[in-house]
Enquirer: 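Can you keep this structure in mind? I'll have questions shortly.
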Amino acid sequence: CGEIHIAISDGRLSSPIPTFHISLKANADEPCTIKTKSGCGFFAKCHSDPNSKASITHLRFMEREDPLTIIVGAGDASSSRVEMWKLQYEQRELHPLFQGTETSLRLLQWVYHSAVTSPSPATAIAVPRFPIRGSDPSLFQYVAIAYSDGLVKLVDKTRFKTVTTTNLDITDLNDAEGKRSAYMCYMEQSFTGCVLMGLDQYGSLYAMKAVNTRDPLTEVATPFLVGMLEYAACTLRDWWDIMSVLKPGMLFHSLYVFY
């Protein structure tokens, strides 16, 4: 038994982005029952520009277990825009002809929240994987956005504002070819988000430390790291990405508390 939420797009800004809810139920004496119903749909915000030649390039749910936030990436060869939409209830006034005891109606719909823009096309988006609801002050959760100019932005998950950026700078091992520009064509966060992994167009694999304990912009508290070590031990998950952000002094303290 379980539920699957799907958002689809044909790539055109003039077309809506519909969502669907699929439920699966398996009984011992009956075959698997699959039910499908349509959900709310919406248009990307940049659809309001009649001169835009952009198309939708990325469509991701913010969280895999909770489909209440959708990330929409759109752009063309010279620019891009990544938007965050949230599913929430809003009050709508009823027309006087339909007003009775109630003057407004509470509707569930997708609401535009914020956007991150760039003069370069977006090439990859990586969303959080750690199953934490709400905003935890001890945890820096982010959305990573890569662009064709080699730039990678870390965007705060809650406010959807750029926190920090980095740029790929590669020198080819072959001196005859010299330097080459690279960009991420695929990215994925580690389970806790401490490390961001990516693949560029040349097939090179990257592992970048996304959080640390010194930079206030991407700081992770020591008690959270201790809790992550405990979580990894209980769930039998790998903890290599947690160890990558620990300092020697913190390592002794964390292992002492952990054991």
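We use all heavy atoms of the structure for the numbers below, so side chains are in, but hydrogens, waters and symmetry mates are not. One is the number of the first residue; the rest follow in order along the sequence.
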Enquirer: Hey, quick one: are L205 and V195 part of the same hydrophobic cluster, counting side-chain heavy atoms closer than 4.5 Å, chains of contacts allowed?
Expert: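 No; tracing contacts between hydrophobic side chains, which count when under 4.5 Å, never links both residues.
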
Enquirer: Hey, mind stepping through I56 and V72 against side chain to side chain contact (heavy atoms under 4.5 Å, CB included) and telling me if it holds?
Expert: CA-CA 7 Å; I56 295 177; V72 181; 4.3 Å; yes

Enquirer: Please check this pair: side chain of Q189 against backbone of A126, looking for a donor-acceptor N/O pair closer than 3.5 Å.
Expert: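 Side chain of Q189 to backbone of A126: a pair is present.
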
Enquirer: For the residue pair P128 and E63, establish whether any side-chain heavy-atom pair is separated by less than 4.5 Å.
Expert: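 A side-chain contact is absent here, since even the closest heavy-atom pair is not under 4.5 Å.
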
Enquirer: State plainly whether one hydrophobic cluster holds both V82 and L13, where clusters connect Ile, Leu, Val, Met, Phe, Trp and Tyr through side-chain heavy atoms under 4.5 angstrom apart.
Expert: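 No; L13 is not reachable from V82 via cluster members.
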
Enquirer: Would you check, one step at a time, whether the test side chain to side chain contact (heavy atoms under 4.5 Å, CB included) holds for I17 with W110?
Expert: CA-CA 10 Å; I17 301 174; W110 289 101; over 6 Å; no

Enquirer: Report the C-alpha separation of D156 and Y142 in whole Å, then their side-chain angles, then the decisive distance to 0.1 Å, and conclude whether the side chain to side chain contact (heavy atoms under 4.5 Å, CB included) test is met.
Expert: CA-CA 5 Å; D156 182 81; Y142 61 91; over 6 Å; no

Enquirer: Nearest 0.5 Å please: distance from the NE2 atom of H21 over to the SG atom of C40.
Expert: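 Rounded to the nearest 0.5 Å, the NE2-SG separation comes out at 12.5 Å.
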
Enquirer: Side chain of T57, backbone of G73: donor and acceptor closer than 3.5 Å?
Expert: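 The answer is yes, because a donor-acceptor pair under 3.5 Å joins these two groups.
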
Enquirer: Name the one of L59, I145, V155, I125 that satisfies side chain to side chain contact (heavy atoms under 4.5 Å, CB included) with I71?
Expert: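 For I71, the side chain to side chain contact (heavy atoms under 4.5 Å, CB included) check succeeds only for I125.
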
Enquirer: How far does CD1 of I22 sit from OG1 of T36, to the nearest 0.5 angstrom?
Expert: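 It is 4.5 Å, given to the nearest 0.5 Å.
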
Enquirer: To the nearest 0.5 Å, what is the distance between CE on M84 and CD1 on I70?
Expert: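 With rounding to 0.5 Å, CE (M84) is 12.0 Å from CD1 (I70).
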
Enquirer: Could you report the tightest heavy-atom contact between C194 and I242, atom names first, then the distance?
Expert: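 Shortest heavy-atom separation between C194 and I242 comes out as SG-CA, 4.4 Å.
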
Enquirer: Give me the atom names and distance for the closest heavy-atom approach of S55 to G11.
Expert: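 Smallest interatomic distance, heavy atoms only, reads CB-O, 3.1 Å.
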
Enquirer: Evaluate the side chain to side chain contact (heavy atoms under 4.5 Å, CB included) criterion for residues E90 and R106: first the C-alpha distance (whole Å), next the side-chain angles of each, then the deciding distance (0.1 Å), finally the verdict.
Expert: CA-CA 6 Å; E90 281 204 341; R106 193 165 179 255; over 6 Å; no

Enquirer: Would Y206 and D200 count as having a side-chain donor-acceptor pair, cut-off 3.5 Å?
Expert: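 Distance-only check passes for Y206 and D200.
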
Enquirer: Give, for atom CG of L24 and atom NZ of K35, the distance between the pair rounded to the nearest 0.5 Å.
Expert: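 Rounded to the nearest 0.5 Å, the CG-NZ separation comes out at 11.5 Å.
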
Enquirer: Would the distance check show the side chain of S79 and the main-chain N or O of S120 forming a donor-acceptor pair, the cut-off being under 3.5 Å?
Expert: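 Checked: no pair found.
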
Enquirer: Identify, with sequence neighbours excluded, every residue that meets ring-ring contact (aromatic ring centres under 6.0 Å, His included) alongside Y186.
Expert: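 So Y186 forms no ring-ring contact (aromatic ring centres under 6.0 Å, His included) with any residue.
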
Enquirer: For F191, does the six-membered ring have the charged nitrogen or CZ of R129 within the cation-pi criterion, i.e. under 6.0 angstrom from the centroid and within 45° of the normal?
Expert: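 No, a cation-pi geometry is absent between R129 and F191.
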
Enquirer: To the closest 0.5 Å, what do you measure between CD (Q88) and NE2 (H113)?
Expert: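 These two atoms lie 9.5 Å from each other.
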
Enquirer: Mind checking the CG-CG spacing from L87 to L68? Nearest 0.5 Å is all I need.
Expert: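 Those atoms lie 6.0 Å apart.
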
Enquirer: How about F42 and Q109: do any of their side-chain heavy atoms sit closer than 4.5 Å?
Expert: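 A side-chain contact is absent here, since even the closest heavy-atom pair is not under 4.5 Å.
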
Enquirer: Could you report the tightest heavy-atom contact between S114 and F160, atom names first, then the distance?
Expert: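 Nearest heavy atoms, S114 then F160: OG-O, 3.6 Å.
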
Enquirer: Knowing that exactly one of F43, F61, Y112 qualifies, which makes a ring-ring contact (aromatic ring centres under 6.0 Å, His included) with W85?
Expert: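 Exactly one option meets the ring-ring contact (aromatic ring centres under 6.0 Å, His included) with W85, and it is Y112.
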
Enquirer: If I compare all heavy atoms of M62 with all of V143, which pair ends up nearest, and what's the gap?
Expert: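 Minimum heavy-atom contact is SD-CG2, 3.5 Å.
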
Enquirer: Between V163 and M184, is there shared hydrophobic-cluster membership here, with clusters defined by ILVMFWY side-chain heavy atoms closer than 4.5 Å?
Expert: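 Per the 4.5 Å side-chain linkage, V163 and M184 are co-clustered.
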
Enquirer: Which pair of heavy atoms, one from P121 and one from S78, lies closest together, and at what distance?
Expert: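 Heavy atoms of P121 and S78 come nearest at CG-N, 4.5 Å.
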
Enquirer: Any non-hydrogen side-chain atom of V152 less than 4.5 Å from a side-chain atom of L196?
Expert: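 SC-SC contact between V152 and L196 confirmed.
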
Enquirer: For residues L94 and L107: do they belong to one hydrophobic cluster (side chain heavy atoms under 4.5 Å, members Ile, Leu, Val, Met, Phe, Trp, Tyr)?
Expert: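 Hydrophobic grouping puts L94 with L107.
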
Enquirer: Where do T158 and K86 come nearest, in terms of heavy atoms and distance?
Expert: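 So the minimum-distance heavy-atom pair works out to O-NZ, 4.3 Å.
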
Enquirer: Only counting residues at least two apart or in another chain, list the ones meeting side-chain hydrogen bond (donor to acceptor under 3.5 Å, both in side chains) with S104.
Expert: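 Partners of S104 by the side-chain hydrogen bond (donor to acceptor under 3.5 Å, both in side chains) criterion, ordered by chain and then number, come out as Q91.
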
